[in-house]
Amino acid sequence: MKRRTTALLTLTALLGTALTALPVQQAGAEEAEQVRNGTFDTTSDPWWTSNVTAGLSDGRLCADVPGGTTNRWDSAIGQNDITLVKGETYRFSFHAAGVPEGHVVRAIVGLAVSPYDTWQEASPVLTEADGSYSYTFTAPVDTTQGQVAFQVGGSTDAWRFCVDDVSLLGGVPPEVYEPDTGPRVRVNQVAYLPAGPKNATLVTDATDRLPWQLRDAKGATVARGLTVPRGVDASSGQNVHSIDFGSYRGHGTGYTLVADGGTSHPFDIDAAAYRRLRLDSVKYYYTQRSGIAIRDDLRPGYGRAAGHLDVAPNQGDAHVPCQPGVCDYTLDVTGGWYDAGDHGKYVVNGGIATWELLSTYERSLLARTGHPAALGDGTLALPESGNKVPDVLDEARWELEFLLRMQVPAGQPLAGMAHHKVHDEQWTGLPLLPSQDPQKRELHPPTTAATLNLAATAAQAARLYRPYDKAFAARALTAARTAWQAALAHPDLLADPNDGTGGGAYDDADVTDEFYWAAAELYLTTGERQFADHVLASPVHTADVFGPTGFDWGRTAAAGRLDLALVPSRLPGRDQVRRSVVRGADAYLATLTAHPYGMPYAPAGNRYDWGSSHQVLNNAVVIASAYDITGAHKYRDGALQSMDYVLGRNALNISYVTGYGEVSSHNQHSRWYAHELDPTLPNPPSGTLAGGPNSSIQDPYAQSKLTGCVGQFCYIDDIQSWSTNETAINWNAALARMASFAADQG
Ligand code: 9MR
């Protein structure tokens, strides 16, 4: 399992003074204070300081903080050797002030030694008058190496920080986290299409049918009917009814749905929001770019310096060495997109993300309802807009060029393979702009999976860029062929599942699906027999590849199957391939029909996977593809209905897309959209998909709030929750593809 930690300065930890006589707390004991001398009456012992000038002042501890530091932990005050008991609940409280006002303190309780996990953190903005702060959390571990710290670095100007009455009280009653789920009538908070399906879910104790009314913006009832009781929904534990108001064919904005004394959030019946979402979901990628300054005129509020060029404090991506012992060359791996909220760049995930963006474009060329101009030149406000190349291709090329740079050069051992990933040597903390990352960057070993991701996407690129740039198309195809041969020669170089320090492991024990996908793309581009033979001989070709949890970076068979079904070719048995997609869609439709929240996702054991919101969308992509294949309206309607869940028709009553819907995710885990931690930074841009419910809640913050959660409830919109609330390039690609499909149906 990946570890995402929040690093403090090692120095900070070392500064802690060793102490005797710890107030050791027993599980289940009375309330017990864990902080020593939190009142600073006569001394500042045993508190340590780092890069501040501190002393007692009016019975408080005050610190003059120098300006010109980068990270919060560059200046700090703290106390080590704090004992915490797993499962015990603590109240962390203090008084604090800052002069001049408006500075932020990062107040944490965490591990004083590597990997510096934080179990509670908050970043209040201080005023000149003393403010009182209090937070309750449950310790996820037993430790005697805890730390309470106030990190005050990261300001350009000098300021003064004062703190008093610091307390960490153990044995307090746990605070039960109750998400605010708003009105009990759950709708797509963004928009239904005038000629599309319109469904909602009512949370109620009632077991009999109830009346509902659809109201327009003026409050006039424009449609009415009766709910359908659906019993207890396994994915949420709620007793629910469903509402079908699809017979209403008007359009406009500001509609609400009323039932059982509740009024839904407002929504549109109009396609305009999907046309916006199609653009925003793809515009997301420009702000994820590495190696280029983001222009504020193109993305107001999001301008930032280029990340990971060789400009201090970055160590840069232009001459990146391998991890020790892996290779003795360096590569220029500048460019590409940052994977997610971290600064890592991973070929496996870059591959599927690029494929899905390119497929969004390819569908627009091939599908009956496709509109290639919608993501054409000048649509996405990119630096390349106006170059007569469709903007979506310009954006995808930023990543493709990076993927090509990850290929081992000729003459080196494993030539033609692709390095699995490049990222920091250690995990970094939040917030941290890409241009401020001081860590050493390293190439990780080449893998078969990465090599096949490169082969698949470069082959796909070769056919799509040919009309615009023949030389690039040829270069991509050559790289794809070289990668394919290298993968055949090294079919089982697997990523190490434990290689998760400083970046995600993205390990994958089975690459038969990646071979199938790459062969499919190479065949569709070249029509060559060798690739058709591989496709037809692969056990993946006839397997059911449309399982309940959908396709993903590690399960890529569906990418190959969908393209074999949708992109014209002379593949023998292509009709059966197309039928297999329709069968997959039938299974997802059956799931959707049985689901009171109308989603094509019902994982085994109700265990929501990491990134579940994109898996819902990818299952919808299969249904949408069945519509493109058959023209049957039930598939179009099923695909559209799947959007309702993502946009608010769910147990939490939240839209998982930033800026879309009355209540939407906006605190996604990201080192540079870290508004929740630093008010001067932005939230993620409109059109950013959150990972969504994840039953395994791997991060300590989610564990402290959500332990015991049921399915849809395993989500929290907090920047600390990297396992439920990150943003990622592969997830947004699924959103782009479905938003584009929905816009095309308007
Ligand atoms: O999306 C990935 C998910 O499927 C994995 O289960 C998880 C653990 O390996 O990693 C997720 O990917 C993260 C990656 O490892 C690092 N960058 C952020 C990604 C999104 O959370």
Side-chain angles (χ1 to χ4, degrees), residues 1-6 284 288 290 336-353 356 399 420-430 432 434 437 439 441-442 444 447 449-450 453 494-510 513 547 549-556 601 603 607-618 656 665 667-674 684 688-702 714-735:
M1 186 186 74
K2 178 187 78 167
R3 304 208 70 161
R4 181 68 57 89
T5 60
T6 312
Y284 159 92
Q288 289 292 119
S290 177
W337 301 315
Y338 296 115
D339 186 55
D342 59 329
H343 300 144
K345 302 191 291 192
Y346 309 82
V347 171
V348 270
N349 204 42
I352 195 78
E356 197 149 23
E399 179 72 2
H420 197 66
K421 53 179 185 167
V422 52
H423 59 66
D424 293 336
E425 192 180 22
Q426 298 293 330
W427 284 110
T428 54
L430 279 73
L432 186 65
D437 173 15
Q439 286 277 326
R441 308 280 277 178
E442 286 178 334
H444 292 243
T447 62
N453 269 262
L494 301 182
D496 176 357
N498 298 314
D499 186 13
T501 302
Y506 279 120
D507 57 305
D508 184 353
D510 178 2
D513 50 336
T549 44
F551 62 90
D552 196 356
W553 59 265
R555 297 185 299 270
T556 60
Y601 184 71
R607 292 205 61 79
Y608 277 55
D609 206 353
W610 195 318
S612 64
S613 40
H614 100 296
Q615 291 171 329
V616 174
L617 289 166
N618 275 344
Y656 290 107
S665 302
N667 289 317
Q668 288 95 328
H669 177 84
S670 164
R671 281 166 179 68
W672 58 103
Y673 306 130
T688 300
L689 181 72
N694 171 1
S695 298
S696 303
I697 49 171
Q698 287 90 338
D699 66 87
Y701 187 81
C714 301
Y715 171 80
I716 188 161
D717 183 27
D718 191 285
I719 193 164
Q720 304 302 343
S721 183
W722 41 261
S723 71
T724 78
N725 197 34
E726 195 156 348
T727 134
I729 55 174
N730 59 325
W731 302 341
N732 242 72
L735 178 65

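When a ligand or atom number is given, it counts from 1 through the structure's own listing order. Only this structure's heavy atoms are used, side chains among them; waters, hydrogens and symmetry mates stay out.
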Asp342: numbered ligand 1 atoms lying under 4.0 Å from its heavy atoms: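 Numbered from 1, ligand 1 contributes 16 (C), 17 (N), 18 (C).
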Atoms of ligand 1, numbered as shown, that sit under 4.0 Å from any heavy atom of Ala340: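 Here the atoms of ligand 1 in question are 17 (N), 18 (C).
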Check: Thr727 N/O within less than 3.5 Å of ligand 1 N/O: no
Proximity of Trp731 to ligand 1 by residue part, where a heavy atom lies under 4.0 Å: side chain
Side chain to side chain contact (heavy atoms under 4.5 Å, CB included) between Trp610 and Trp722, intermediate numbers included: CA-CA 10 Å; Trp610 195 318; Trp722 41 261; 3.6 Å; yes
Proximity winner for atom 14 (C) of ligand 1, if only heavy atoms of Tyr506, Tyr346, Tyr338, Trp610 are counted: Tyr506
Test ring pair (Phe, Tyr, Trp, His ring centres under 6.0 Å) applied to Trp553 - qualifying residues, sequence neighbours left out: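 With sequence neighbours excluded, Trp553 shows a ring pair (Phe, Tyr, Trp, His ring centres under 6.0 Å) to Tyr506, given in chain and number order.
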Electrostatic pair Asp424:Arg441 at N-O distance under 4.0 angstrom: yes
Short side-chain donor-acceptor distance under 3.5 Å, Tyr715 and Asn694: no
Stepwise salt bridge (Lys or Arg N to Asp or Glu O under 4.0 Å) check, Lys421 with Asp499: CA-CA 10 Å; Lys421 53 179 185 167; Asp499 186 13; 3.8 Å; yes
